[in-house]
Amino acid sequence: MTCSKSFLLTAFSIALLAGCTTVEEPSTSENIATTTLVDGVKVTSVAYTCRIEQSESESQGKFEKPFLIEYTGQEQAMLVERSGSYPLIRVESASGSKYASVDGMQTFWEKGDRATITLNHETFTDCFQVKE
């Protein structure tokens, strides 16, 4: 299965214009979101944080890993984290919204303000939207 040329072009444009976003004024306890227009397409970004429990031998306590999801409509999204950006397409889900990469190595499943994110075979199950 291959991604469409326009989707890849949009994904590339989003990556190039990531610094050209404006922050919407959220009210208290609302999600922090940004909106950008790329070639006339509205891109909405939502920040997520995933809690990572470390074993006592590694370190004590919980750590957090940030992710950004950029929606370009209901059928396409981009999973962004420090190592790169990964284009996702909407796939069937019994509940919530689920997106996956073509190769299946990256997935994002959200329900309400909670999410499960898989990145290169590592799954983060304790993820939540960042609030102000």
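Values below: all heavy atoms of this structure, side chains included; hydrogens, waters and symmetry mates excluded.
Enclosure of atom NZ in K98 is not indicated, since only 12 or fewer non-hydrogen atoms of other residues, nucleotides or ligands lie within 6.0 angstrom.
Side-chain atoms of S93 do not come within 3.5 Å of backbone N or O of S97 as any donor-acceptor pair.
Counting heavy atoms from C-beta outward, V46 and Q129 have side chains that approach closer than 4.5 Å. Residues P87 and Q106 fail the side-chain proximity criterion, which asks for heavy atoms closer than 4.5 Å.
One finds the OH atom of Y99 at 9.0 Å from the CG atom of L88 (value rounded to the nearest 0.5 Å). In this structure, CG on D126 lies 9.0 Å from CD on E64, to the nearest 0.5 angstrom. Going from atom OH of Y71 over to atom CD of E110 covers 3.5 Å, rounded to the nearest 0.5 Å. One distance of note links CG of D39 with OG1 of T72; it measures 12.0 Å at 0.5 Å rounding. Taking CD from E70 and OG1 from T44, the interatomic distance works out to 9.5 Å, rounded to the nearest 0.5 Å.
Placement of V102 and W109 in two distinct hydrophobic clusters is found when ILVMFWY residues are connected by side-chain heavy-atom separations under 4.5 Å, directly or transitively.
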Please tabulate, one pair per line, all N/O donor-acceptor pairs under 3.5 Å involving side-chain atoms of residues 116-123, not counting sequence neighbours.
{"unit_1": "T118", "atom_1": "OG1", "unit_2": "T107", "atom_2": "OG1", "d": "3.2"}
{"unit_1": "T118", "atom_1": "OG1", "unit_2": "T123", "atom_2": "OG1", "d": "3.1"}

(request) Mind running side-chain contact (heavy atoms from CB on, under 4.5 Å) on L79 and I69 for me, showing each step along the way? (result) CA-CA 5 Å; L79 171 63; I69 302 297; 3.5 Å; yes
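Nearest heavy-atom pair across Y48 and D113 is CE2-O, 4.2 Å.
By the ring pair (Phe, Tyr, Trp, His ring centres under 6.0 Å) test, F124 is found to be paired with F67, residues two or more places apart in sequence or in another chain being considered. Evaluation of the salt bridge (Lys or Arg N to Asp or Glu O under 4.0 Å) rule for R90 yields no partner, not counting sequence neighbours.
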